[in-house]
Q: 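I'd like to ask you about the structure that follows.
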Protein chains: 2
Amino acid sequence: MSNNWHHNHQEAIRSARKALGNNERVVSLSETFKVLSDPTRLKIVLALAKEELCVFDIAKLLEVTESAISHQLRLLKTLRLVKYRKDGKMVFYSLDDEHIEDLIRIASRHVAE
Amino acid sequence: MSNNWHHNHQEAIRSARKALGNNERVVSLSETFKVLSDPTRLKIVLALAKEELCVFDIAKLLEVTESAISHQLRLLKTLRLVKYRKDGKMVFYSLDDEHIEDLIRIASRHVAE
DNA sequence: TTAATACCTGAACAATTGCTCAGGTGTTAA
DNA sequence: TTAACACCTGAGCAATTGTTCAGGTATTAA
């Protein structure tokens, strides 16, 4: 009632605003989730978390073209999620991030319900 | 060398394939991450994790239209990530998932580096 | 050198996505 | 009844995304 704005929710809004923190942080957070939101990319991450693989191996494993894999690996490389090691003509990729596996573990539990 | 296929990576591929599990599981996993991959949606989830809010409040908080919020809430409702409670003209939403907060906590650690 | 292999790259494409807009429903107060 | 409010909805849109395609580089073997 009375002179409160709209309805008495200012407290809740202020509290929620504090929980959000600054915008950049939230955007970074969402970008972290975005990397894992594509099935192909998630499969690459899952595979590389277990084994070091070359591009051809990953393409064979996921049944997609080497080009598609290469594009995704470039992104994962840029985001420093994977590292690579050259050996002659081949390039071996592996996971370069400890937190990601924890993330996937928690999410798996969520999917299992 | 010799009669092995391509190069001696069959073992690694077999091991990685096992780590992937079945395709549906991975797709479900990626969909979980996808929900949190949009900044607006992530902000809604963060806000509702802290406070029960009505649509108008969320729109005010995030500075977007009520329509946009309503569309996102419909998705979150469908995925059973939020629950709602009607009170007169207003609809109050709150988070309805324990795992999501763990997920965000781990991802936050990852962003912090 | 030539050919084959392994991988990378940019352009172009179809598909998906998040939002706006206009209009809808349901509830409340005058 | 009328108007205001709170929210929902479908259509349409611009922007983004993942992939294919064609061609490129680098390394190795013949």
Side-chain angles (χ1 to χ4, degrees), chain A residues 1-2 4-9 12-13 23 26-27 30-31 33-45 48 52-79 82-94, chain B residues 1-2 4-9 12-13 23 26-27 30-31 33-45 48 52-79 82-94:
Chain A
M1 53 194 76
S2 79
N4 281 332
W5 169 77
H6 184 246
H7 37 275
N8 290 323
H9 300 169
I13 291 183
N23 188 62
V26 181
V27 171
S30 72
E31 280 166 356
F33 289 120
K34 191 162 220 165
V35 192
L36 303 171
S37 73
D38 175 68
T40 304
R41 224 150 40 216
L42 181 55
K43 284 174 192 168
I44 293 175
V45 169
L48 295 183
E52 185 191 48
L53 297 168
C54 70
V55 179
F56 191 95
D57 290 343
I58 304 172
K60 183 86 181 170
L61 177 62
L62 306 190
E63 295 178 309
V64 295
T65 65
E66 292 174 56
S67 176
I69 296 295
S70 198
H71 278 295
Q72 297 291 14
L73 283 173
R74 176 163 46 162
L75 179 67
L76 294 172
K77 216 162 36 179
T78 303
L79 298 173
V82 301
K83 58 176 186 285
Y84 63 97
R85 168 176 74 81
K86 294 195 178 185
D87 182 11
K89 306 180 218 179
M90 290 182 278
V91 183
F92 287 90
Y93 286 84
S94 56
Chain B
M1 52 191 81
S2 83
N4 280 335
W5 167 79
H6 186 243
H7 38 272
N8 289 324
H9 301 170
I13 291 182
N23 188 63
V26 182
V27 172
S30 72
E31 279 165 356
F33 289 120
K34 190 159 220 169
V35 194
L36 304 172
S37 74
D38 175 69
T40 304
R41 224 151 41 216
L42 181 54
K43 285 173 192 170
I44 294 176
V45 169
L48 295 183
E52 185 191 51
L53 297 168
C54 71
V55 179
F56 191 96
D57 289 343
I58 305 174
K60 183 85 181 171
L61 178 62
L62 307 190
E63 296 178 307
V64 295
T65 65
E66 290 174 57
S67 175
I69 295 296
S70 198
H71 278 295
Q72 297 292 12
L73 282 173
R74 174 163 49 164
L75 178 67
L76 294 172
K77 216 162 38 180
T78 304
L79 299 172
V82 301
K83 58 175 186 285
Y84 62 97
R85 170 178 73 83
K86 294 194 179 186
D87 182 12
K89 309 181 216 177
M90 292 182 276
V91 183
F92 288 90
Y93 286 83
S94 55

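Naming convention: chains lettered A, B, ... in sequence-line order (proteins, then strands); numbering from 1 in each chain. Quantities reported herein were computed from a predicted structural model and do not represent experimental measurements. Below, each value reflects all heavy atoms present in this structure, side chains not excepted, and no hydrogens, waters or symmetry copies.
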Q: Given atom CD of A/E66 and atom P of D/dA22, what is their separation to the nearest angstrom?
A: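 Rounded to the whole Å, the gap is 16 Å.
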Q: Rounded to whole angstroms, how far apart are CZ on A/R41 and P on D/dT17?
A: 9 Å
Q: Round to a whole Å and report the spacing from NZ of A/K86 to C1' of D/dT27.
A: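 After rounding, the reported distance stands at 10 Å.
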Q: Parallel, tilted or perpendicular: which fits the ring planes of A/Y93 and A/Y84, with parallel below 30° and perpendicular above 60°?
A: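 Tilted.
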Q: Using whole Å, report how far CG of B/L62 lies from P of C/dT20.
A: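 It is 12 Å, rounded to the nearest whole Å.
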Q: Would you say A/Q72 reaches D/dT19's phosphate, i.e. side-chain N/O to OP1/OP2 under 4.0 Å?
A: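 For D/dT19, OP1/OP2 do have a side-chain N/O of A/Q72 under 4.0 Å.
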Q: What integer distance in Å separates B/F56:CZ from D/dC7:C1'?
A: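 Between C1' of D/dC7 and CZ of B/F56: 12 Å.
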Q: Base contacts versus sugar-phosphate-only contacts with protein, heavy atoms under 4.0 Å: please encode nucleotides 21-30 of chain C as B, S and - from 5' to 3'.
A: B-----BS--
Q: Of the options D/dC8, D/dG18, C/dA6, whose atoms approach the side-chain atoms of B/K77 most closely?
A: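 When the side chain of B/K77 is considered, D/dC8 is the closest of D/dC8, D/dG18, C/dA6.
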Q: Start at the 5' end of DNA chain D and walk down; is the nucleotide closest to B/S70 or to A/D38 reached first?
A: B/S70
Q: Would you mind telling me which residue lines up with the more 5' stretch of DNA chain D, B/V91 or A/S37, judged by nearest nucleotide?
A: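 Nearer the 5' end of the strand: B/V91.
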Q: Counting the atoms with a prime plus P, OP1 and OP2 as sugar-phosphate, which does B/K34 contact under 4.0 Å by heavy atoms, base, sugar-phosphate, or nothing?
A: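 Here B/K34 touches the backbone only, sparing every base.
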Q: Show me, pair by pair, the donor-acceptor contacts under 3.5 angstrom made by side chains of residues 61-72 of chain A, not counting sequence neighbours?
A:
from	atom 1	to	atom 2	distance (Å)
A/T65	OG1	A/A68	N	3.1
A/H71	ND1	A/R74	NH2	3.3
A/Q72	OE1	A/R41	NH1	3.2

Q: Select base, sugar-phosphate, or nothing to describe what B/Y84 touches, counting heavy atoms under 4.0 Å on all strands.
A: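 The residue B/Y84 makes no contact with any strand.
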Q: Provide, to the nearest angstrom, the distance between the CG atom belonging to B/D57 and the P atom belonging to D/dC7.
A: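 For the pair B/D57 CG and D/dC7 P, the rounded distance is 8 Å.
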Q: What distance separates B/I58 CD1 from B/L73 CG, expressed to the nearest 0.5 Å?
A: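 That separation rounds to 5.0 Å.
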Q: Is B/R74 close enough to D/dG10 that one of its side-chain N or O atoms is under 4.0 Å from OP1 or OP2 there?
A: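 Indeed, a polar side-chain atom of B/R74 lies that close.
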Q: Just to verify, which of B/V45, B/L48, B/L75 counts as forming a side chain to side chain contact (heavy atoms under 4.5 Å, CB included) with B/V82?
A: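 Result for side chain to side chain contact (heavy atoms under 4.5 Å, CB included) with B/V82: B/L48.
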Q: Which distance, rounded to the nearest 0.5 Å, do you find between the CG of B/L79 and the NZ of B/K34?
A: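 So the gap between those two atoms works out to 11.5 Å.
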Q: Which atoms form the tightest heavy-atom contact between A/M90 and A/C54, and what is the distance?
A: SD-SG, 4.4 Å
Q: Could you state the CG-C1' distance from B/L42 to C/dT17, rounded to the nearest angstrom?
A: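 Answer to the nearest Å: 17 Å.
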Q: Give the C-alpha distance, both sets of side-chain angles, the deciding distance and a yes or no for side chain to side chain contact (heavy atoms under 4.5 Å, CB included) between B/H9 and A/F92.
A: CA-CA 11 Å; B/H9 301 170; A/F92 287 90; 3.6 Å; yes
Q: Figure out the CD1/P separation between A/I58 and C/dC7, and round it to whole Å.
A: 9 Å
Q: Look at the side-chain N and O atoms of B/T40 and state whether any lies under 4.0 Å from the OP1 or OP2 oxygen of C/dG18.
A: no
